[in-house]
Amino acid sequence: MGKGCVYMRLGINLGYWGAGMDGDNLAVAQEADRLGFDVCWAAEAYGSDAPTVLAWVAARTERIDVGSAIMQIPARQPAMTAMTAATLDSLSGGRFRLGLGVSGPQVSEGWYGVKFDKPLARTREYVEIVRKAMSRERLTHDGEHWTLPLPGGPGKPIKLTVHPEREHIPLYIAAIGPKNLEQTGEIADGALLIFPSAAHLEETALRPLRAGRAKAGLTMDGFDVCPTVPLALGDDVDALADVFRPYTALYVGGMGSRKQNFYNQLAGRMGYEKEAAEIQDKYLAGDKAGAAAAVPRSLIDQTALLGPVERIAERMTAYAEAGVTTLTLAPAGFTLDERLTALRAGVTALERAGLG
């Protein structure tokens, strides 16, 4: 699609399973299925794993695709990821989308014991192996990070015995930095984005993605630009923005180390370099309330859908015109009814914007 597109799909992001919302999350997924949402994503960090959640959701829904946002690259050998993807695609009747990401240095090294080095090269090699395994070729690979089969031993090239429902399972990569975005455009079918601003999407995401597509001799046609945006329904936009202050402060200030925080760098590229530094200083000093208070209201408003349905419809139009092809919603609410109301409002807003 790209600029000027007149159609945009909707997704739902369940986030992490657990925290007392298990039944609520399933109800949200089922309502999204009923409403015609295109895809339901589930996340993993160091709690619930994505494939188990997605198998449960797929078994309790009928039409909606299920996708990992993300399955962490340091958590699994690439052949295991291919096995999981093929199994989920088969069990769901061809409704699985594979989203991958390198996670961050704290989780990769602290939880999985995998060095967070050369993430771009590791991702490229991982994707090559996953694609080859899912295509049911005999698996061989001679790279910097993986050698299959191991030389000098009893291993031999073998192929996947599970038949995925589809010839090609869509593969997405979670990308934030310019180099990762460019590589994602080159080797993936879609990009999973976070903290997207419609006003800055060209320079923060589309330009490097387009460069990567060109490197592979491709255009943006068929490539899924898929950001996740929180959604909160109401008339008081300032009050709604305050709800997301701790969330934004966590990512901009506390996700990763002082030297290696991708979200902090993204906020800087959006024009909030000074504010991002202040948020990080306060967060890392233990002043989480001060970090939340330091988050500019405009940063939250640019990267979330806040307000009444009419205002949300206007923002959806801006995202579609900027080049978003699937807008994934994370509906806010302290109760299931609030989350379902926000979910339904998202569909209404899409229709009012003429994008459905």
Side-chain angles (χ1 to χ4, degrees), residues 8-17 19 21 25 28-29 32 35 37-45 48 50 53-54 57 64-72 97-104 170-177 180-181 184 188-201 204-206 209 223-233 240-241 243-244 246-252 255 262-263 266-267 270 299-306 312 315-316 318-320 322-333 339 342-343 345-347 349-350 355:
M8 185 169 67
R9 299 176 292 271
L10 288 182
I12 175 72
N13 195 321
L14 300 179
Y16 305 113
W17 208 254
M21 296 193 301
N25 272 341
V28 169
L35 290 169
F37 276 61
D38 206 52
V39 59
C40 175
W41 302 97
E44 66 180 21
S48 56
V53 172
L54 295 173
V57 170
I64 195 169
D65 277 12
V66 293
S68 56
I70 56 170
M71 285 169 65
Q72 299 167 105
R97 304 185 192 184
L98 175 60
L100 299 171
V102 291
S103 188
L171 191 150
Y172 294 68
I173 294 173
I176 300 173
N180 192 5
L181 284 160
T184 296
D189 303 305
L192 300 171
L193 309 178
I194 191 170
F195 291 114
S197 164
H200 297 92
L201 199 69
T204 60
L206 269 295
L209 284 171
F223 187 86
D224 198 6
V225 179
C226 185
T228 290
V229 292
L231 184 152
L233 189 66
L240 294 174
V243 172
F244 296 110
Y247 165 81
T248 306
L250 167 65
Y251 278 84
V252 175
M255 198 67 78
F262 307 122
Y263 310 98
L266 174 61
M270 290 166 54
L299 173 59
I300 300 171
D301 193 24
Q302 284 186 47
T303 55
L305 296 171
L306 308 176
I312 291 171
R315 301 300 305 281
M316 284 184 170
Y319 277 118
V324 171
T325 51
T326 301
L327 189 66
T328 298
L329 308 181
R339 294 177 70 197
L343 192 70
V347 173
L350 190 79
L355 300 168

For this session: Decide side-chain contact (heavy atoms from CB on, under 4.5 Å) for L343 and V28; before the verdict, give the C-alpha distance in whole Å, the side-chain angles of both, and the deciding distance to 0.1 Å.
Result: CA-CA 8 Å; L343 192 70; V28 169; 4.3 Å; yes

Exercise. So I312 and L233, side-chain contact (heavy atoms from CB on, under 4.5 Å) or not? Walk me through it.
Worked result: CA-CA 8 Å; I312 291 171; L233 189 66; 4.1 Å; yes

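- The residue from T326, T184, D224, D189 that alone fulfils the side chain to side chain donor-acceptor pair (under 3.5 Å) condition with Y172 is D224.
- Note on R9 versus D65: no salt bridge recorded, every NZ/NE/NH1/NH2 to OD/OE distance being 4.0 Å or above.
- Considering all non-hydrogen atoms of both residues, I70 and A50 come closest at O-CB, 4.2 Å.
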Problem set entry | Intermediate values then yes/no, side-chain contact (heavy atoms from CB on, under 4.5 Å), L98 and S68 | CA-CA 6 Å; L98 175 60; S68 56; 3.9 Å; yes

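- Looking only at side-chain heavy atoms (C-beta outward), V229 and T328 stay at 4.5 Å or farther from each other.
- Contact record, V324 with V225: CG1-O, 3.7 Å, taken as the closest heavy-atom pair.
- Summarising the geometry, atom CG belonging to N25 is positioned 9.0 Å from atom OG belonging to S48; distances are rounded to the nearest 0.5 Å.
- Here the closest heavy-atom approach between residue T303 and residue S197 is recorded as CG2-N, 4.3 Å.
- A donor-acceptor pair under 3.5 Å is formed between the side chain of Q72 and the backbone N or O of A45.
- Contact detail for A198 and Y319: the closest heavy-atom pair is N-CE2, 3.7 Å.
- By the 4.5 Å heavy-atom criterion applied to side chains, T228 and I194 are not counted as neighbours.
- Shown here for Q302 and M270, the closest heavy-atom pair between the two residues is OE1-CE, 4.3 Å.
- Note that the CG atom of L231 and the CZ atom of R315 stand 11.0 Å from one another [nearest 0.5 Å].
- Remark: R339 CZ to I12 CD1 distance equals 7.0 Å, nearest 0.5 Å.
- You'll find the side chain of L193 stays beyond 4.5 Å of the side chain of C226, heavy atoms only.
- Separation of atoms CG (D38) and CE (M8) is listed at 12.0 Å; rounding is to 0.5 Å.
- Within the 4.5 Å cutoff, the side chain of V66 has no heavy atoms near those of the V39 side chain.
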For this session: Apply side-chain contact (heavy atoms from CB on, under 4.5 Å) to the pair I173 and N180, showing each step before the final yes or no.
Result: CA-CA 9 Å; I173 294 173; N180 192 5; 4.1 Å; yes

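- Atom CG of N13 is separated from atom CG of L329 by 9.5 Å, given to the nearest 0.5 angstrom.
- Here the straight-line distance linking atom OG1 of T204 with atom CG of L181 works out to 8.0 Å at 0.5 Å rounding.
- Heavy-atom minimum distance, L201 versus P196: CD1-CB, 4.2 Å.
- Among residues two or more places apart in sequence or in another chain, the ring-ring contact (aromatic ring centres under 6.0 Å, His included) test is passed with Y251 by F195, Y247, Y263.
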